[in-house]
Amino acid sequence: TPEPGPDYSVTFKPLGDKIVADTVTVPEGYVAEVLYSAGDKCVIGSAGYMGVPQSYPATETQSGGQHDGMHFYPLEGVDPNQGGLLVLNHESLDNSTLDVTVEGVKTRLSNVGVSVVEIVRDKDGKWAVKTDSRYNKRYTGNTVYNVGGPAASVVGATVVGTLNNCASGNTPWGTYLTCEETTDNYLDPTQAETGYGWVVEIDPSTPGSTAVKRTAMGRFDHENTAFMVDENNRVAFYMGDDGTPGCIYKFVPSKPYDPANRANNSKLLDEGTLYAARFNDDGSGNWVELTVGKNNLIVGAIDPGNYTQVAPTDVPTNTLIDFNSQADVLINTKAAARVAGATLMDRPEWITVGVDKTVYCTLTNNSSRRRTNAANPRETNRHGHIVRWNERGNSPLATTFEWQLLLLAGQDAADGAASNITGNIKGDEFSSPDGIRVDPKGRLWVQTDAGTGTSVTSIFGNNSMYYIDQKTGESKRFLVGPLGCEITGIAYTPDLTTFFINIQHPNAAWNTVRAGGGDARSATVVVRRQDGKPVGA
Ligand code: FEO
Ligand code: CA
Ligand code: CA
Ligand code: CA
């Protein structure tokens with residue numbers, strides 16, 4: 001059993017079952033306050049959405065929609081528990097804040113991407129966006145991005161736009177990695193589809209810089225990134241492909257990162273080795289290298305396709321695919337992983353690396369699963385599960401690992417539910433784990449993105465956030481979102497007295513500006529304790 005962090009217990013009183021309130025519900029002694037909503041002022045001079053639907057170019061200065069992955073960065077010269085930069089993704093559109101009769105395409109494209117906002121805390125402990133900060137910046141679907149790595153030769157030196165900015169990660173050198181989740185959602189006919197589906201590196205502390213698409217990390221339905229560092233500053237980045245199904249990847253830059261000179265890390269993500277994970281049924285695992293010429297990645301390779309959706313007796317639809325170059329491997333990473341023998345998982349969402357270097361990944365659900373294996377054990381997996389592994393020697397450079405299932409989500413066996421929807425959670429039940437992060441105290445937090453129809457909420461309540469005991473698998477419900485939302489994004493100040501959580505796609509009366517509502521907006525909320533002590537402790 002992995003060893004959790006130095007101080008991983010919690011003391012909050014868990015929330016009750018089946019909460020379907022149209023508000024953010026938190027434990028006794030806690031408050032939840034809206035900090036930054038879709039349409040709010042971002043860039044200096046922005047007027048912000050005030051109830052009147054907005055169009056391009058004003059939308060380029062305002063918060064995008066559908067807040068998702070997020071990270072908090074200290075600022076030089078500022079007490080990091082009193083202020084810093086909050087960087088967050090906008091996965092999709094908050095339509096009701098937009099007037100798409102003017103510059104319809106550009107207006108929509110400016111509602112996705114990333115916000116960088118400086119935030120400050122007042123003497124009462126309340127947080128606010130500093131609307132006159134020179135750091136405040138939007139990266140949108142209309143912004144120009146540089147392209148780095150081996151596939152730049154095909155993609156081009158620059159690309160206009162980022163899309164489907166789902167979850168994210170940070171790097172040891174203080175940059176932000178926004179992840180483009182869907183490669184084929186809304187193709188811009190003016191641009192080759194190879195422009196999307198990448199990890200994009202942003203330097204929030206240098207507002208004049210241009211973000212870079214890092215093609216060496218592969219093109220797939222990127223969920224987030226999480227890193228592990230060793231004593232020699234070698235780094236691995238773990239990444240999920242939220243495909244139905246998809247693989248789990250890691251990217252190991254060829255060189256160590258330089259903790260002393262930040263500029264030396266500016267091309268670190270352009271050169272390295274990409275791997276995909278094979279989860280063997282005996283609990284062992286292999287990182288299969290996705291390098292052209294290795295592991296059958298050759299001209300005339302056989303791609304078995306999505307064989308997990310057909311009956312075990314049926315033959316996969318083998319098709320031929322040519323890998324002529326590493327650019328081919330990186331542009332067709334999903335196929336490369338299948339060819340190389342990686343395991344197709346039940347929609348890998350977030351990955352997190354614990355303080356004890358155990359790696360966790362949420363597998364949110366996969367109703368289409370027909371062929372099972374030990375790592376994806378349920379047919380018609382409606383509620384998902386969480387897998388964890390330890391690298392050999394806890395090294396980011398390892399090519400083998402040992403894995404186990406932390407838990408199967410779903411209903412209690414005592415409910416008499418069918419086996420595919422019965423889980424083994426001890427404590428508070430949930431469905432469809434998505435966001436996951438181990439905080440610096442070693443505490444594991446999980447957020448859910450289950451269906452929001454009454455057939456789901458009558459069992460589990462609204463989407464929620466949980467503390468999970470890593471040894472026992474016991475679950476404690478910490479926060480429940482308003483109607484229709486998913487809970488995503490986990491960030492915090494270094495002293496853990498403030499947590500930042502995102503409420504995505506609320507659909508009712510919560511957080512509206514217009515009289516009478518109708519514009520329920522995605523938002524970042526601050527969660528803190530009334531007594532000012534660390535969250536959860
Ligand atoms: Fe955008 Fe996979 O959640
Ligand atoms: Ca997600
Ligand atoms: Ca999801
Ligand atoms: Ca979402």
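Remember, it's 1-based here, ligands and their atoms both numbered in the order they're listed. All of these numbers come straight from a predicted model, not from anything done at the bench.
- With the Ca ion (ligand 4) as vertex, Glu91 OE1 and Gln504 OE1 subtend 90°, rounded to 10°.
- Residues Asp68 and Thr488 have side chains that bring a donor and an acceptor to within less than 3.5 angstrom of each other.
- Nearest N, O or S atom of Glu486 to the Ca ion (ligand 4): atom OE1.
- Residue contacts to the Ca ion (ligand 2): Glu223 brings an N, O or S atom closer than 3.0 Å.
- Between the CD atom in Glu181 and the CD atom in Glu223 there is a gap of 4.5 Å [rounded to 0.5 Å].
- Take the N/O/S atoms of Glu181: the one nearest atom 1 (Fe) of ligand 1 is OE1.
- Using a cut-off of 3.0 Å, one finds that Asp449 contributes no N/O/S atom close to the Ca ion (ligand 2).
- Ring to ring, Trp287 and Phe401 are close: their centroids are under 6.0 angstrom apart.
- Atom OE2 is the N/O/S atom of Glu91 found closest to atom 1 (Fe) of ligand 1.
- Using cut-offs of 30° and 60° on the angle between ring planes, the pair Phe430 and Tyr466 is tilted.
- Per residue Glu349, closest N, O or S atom to the Ca ion (ligand 2): atom name OE1.
- Taking the ring centroids of Tyr492 and Phe499, they lie under the 6.0 Å cut-off.
- Ring orientation note: the planes of Trp173 and Phe237 are nearly perpendicular, at an angle over 60° on the 30°/60° scale.
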